[in-house]
Amino acid sequence: MTASFSSDDLRFRNLMLEHQSMVFSIALRILGDRSAAEEAAQDVFLELYAKLGELASDDHILHWLRRVTVHRSIDLVRRRQRRPEVQMDWNELPDLPDRPGAGMQDEPALSQQLQQLVGSLPPVPRSVMVLRYQEDMSPDEIGAMLDMPVATVKSHLQRSLRLLREKAARVVRQG
Amino acid sequence: MNDPKMNELEIEEFDAGLEQALYAAMAREAAPARLIARVERRRLRAESERAIPTFQALSTGVRSAWTTFWSVGAHATALALIALVVFAGGRVEVKSVPLPETDVKLTPFVPMTLPGKEAMGGGGGGGAHETVEASKGHLPKFSDRQITPPQIIRNDAPRLPVEATVVMPPIKLPDANMPDIGMPRSPQVSLASQGPGSGSGFGSGSHGGIGPGNGSGIGPGEDGGYGGGVMRAGAGVTPPELLYSVEPEFSDEARRAKYQGICIVSLIVDAHGNPTHVQVERSIGMGLDEKAVEAVMQYKWKPAYYHGRPVAVAMSVVVNFHIF
């Protein structure tokens, strides 16, 4: 099969190798579900293959991948909220944020707590947070990508941080 | 909403720590190893499905000008072919062909055959209303037509003598060696007579022949004019149809002896369907022959036909005497 790959196929393969982690992580943070995130990542890459001819530069591709992944993930979250599914994957059930007993100083435990706190945000602020802290994008870039004013982006960030702070402080105090 | 227990400095420190923790928590995760393979598989499957021709390309806005060109061309060609068949090629004019009128004959079918000597008959008869039976004599000359019927010559010196003839084919018949014309088999030799018939000629018949018949020939039968016999069914002659018959009576002798059997009677059915010349052909005895003749004499037929004319035919009747 590999021998018959054209140059486009090779380029697509390299792009997947380069960006699969980013696409999968964005989808995972927004969706909070590994299998759904993988499904979304597959869809995004298939869409990328169809659009490969139109996307020339690597920057363009990166920008396009982030944008499409965020939008597809938000769409999936909203669709799931309209039609809630019964969660069947018991191993991937998120731990409750307020669960006592988890050591605050334990780094993986803190990271997990924070991830779950971010996951509890509404989809759009959650996406903003993901782009800000996972992809290290500036509010301007986030605003351009999500077609929203920079002020809105900043407002989302501040409100999310405040919410996290309150929840985190409560967790810390309980701990 | 801020925690009242935290002052601004504490909040900033906390946020900085929180942001650091967020950066660490939100680090990218490795994608599942199977992700690329699954994308490739789905892509190949989609390409193979796309290779199957579908009507998707015909949806509005998607199809190309080239597709439109071929589509319009194909439809126009099909419509032109249909129009060609409907308006030019497919029309079949039906011409009315006058059928020859068939003359339907409703008469019963009788095969037309040439008259044969055996099958044909005829006869003649005549007379001059005399009480005495026709005298014995020799037969007149046979001819195919008759101008003068045979008669007793009462004018010895006629102005225009014409020999008497009967309409007969040139055949030999038993004749009598007599000086005058008469009936060869007549027992009456004492008186010159033409017999009780009518229309000149000799005998008991009519129409200028010799014998008991009705015509210008000789013998029984009628209208034929030639030959001495009668026709038989077949060879163009339809058989007579029996219209009326009676059961024969038993004679006392036969009844006493409980005698039974058949008696064959020959007869001639004349042109009116009446039996004449009834004779016993095969005798049975014990007085039953007479009873058979008596019964057959009462029969009535629809006459036989030859060429659409009723004719006399000879036939046989089997009379069955049976004790039930």
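At a 4.5 Å heavy-atom cutoff, the contact between A:Leu17 and chain B is made by backbone and side-chain atoms alike. Neither the backbone nor the side chain of A:Gln158 comes within contact range of chain B; no heavy atoms are under 4.5 Å apart.
In this structure, CZ on A:Arg34 lies 5.5 Å from CD on B:Glu29, to the nearest 0.5 angstrom. Once rounded to the nearest 0.5 Å, the distance linking CZ of A:Phe45 with CZ of B:Arg38 reads 14.5 Å.
By the neighbour-count criterion of 12 heavy atoms within 6.0 Å, atom CZ of B:Arg42 is densely surrounded, having more than that number from other residues, nucleotides or ligands. No more than 12 heavy-atom neighbours from other residues, nucleotides or ligands sit within 6.0 angstrom of NE2 on B:His75. Annotation for A:Lys154: atom NZ does not count as buried by contact number, only 12 or fewer foreign heavy atoms lying within 6.0 Å. Applying the 6.0 Å contact sphere to CZ of A:Arg11 captures more than 12 heavy atoms from other residues, nucleotides or ligands.
Within residues 51-70 of chain A, the residues having any heavy atom under 4.5 Å from a heavy atom of chain B are, by residue number, A:Arg66. Using a 4.5 Å heavy-atom cut-off against chain B, the contacting residues of residues 124-145 of chain A are A:Met129, A:Val130, A:Arg132, A:Tyr133, A:Gln134, A:Glu135, A:Asp136.
Nearest heavy-atom pair, A:Val118 versus B:Met26, reported as atom, atom and distance to 0.1 Å: CG1-CE, 3.9 Å.
Of the possible polar contacts, none joining the A:Ser21 side chain to the B:Ala31 backbone as a donor-acceptor pair under 3.5 Å is found. Under a 3.5 Å cut-off, the side chain of A:Gln20 and the backbone N or O of B:Ile36 do not form any donor-acceptor pair.
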Set out, in order, the CA-CA distance, both residues' side-chain angles and the distance that settles side chain to side chain contact (heavy atoms under 4.5 Å, CB included) for A:Phe12 and B:Arg43, then state yes or no. CA-CA 11 Å; A:Phe12 177 60; B:Arg43 185 174 66 80; 4.0 Å; yes
Between B:Val39 and A:Tyr49, is the side chain to side chain contact (heavy atoms under 4.5 Å, CB included) condition met? List the steps. CA-CA 10 Å; B:Val39 172; A:Tyr49 184 79; over 6 Å; no
Decide side chain to side chain contact (heavy atoms under 4.5 Å, CB included) for A:Phe24 and B:Arg28; before the verdict, give the C-alpha distance in whole Å, the side-chain angles of both, and the deciding distance to 0.1 Å. CA-CA 8 Å; A:Phe24 175 74; B:Arg28 285 180 186 171; over 6 Å; no
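Contact count versus chain A (heavy atoms, under 4.5 Å) is highest, among B:Ala30, B:Pro32, B:Ala27, for B:Pro32. Chain B forms more heavy-atom pairs under 4.5 Å with one residue of A:Leu164, A:Leu161, A:Leu46 than with any other, namely A:Leu46.
In this structure the side chain of A:Leu114 reaches within 4.5 angstrom of the side chain of B:Leu18, judged on heavy atoms. For the pair A:Met16/B:Leu35, no side-chain contact is recorded, criterion being any heavy-atom separation below 4.5 Å from C-beta on.
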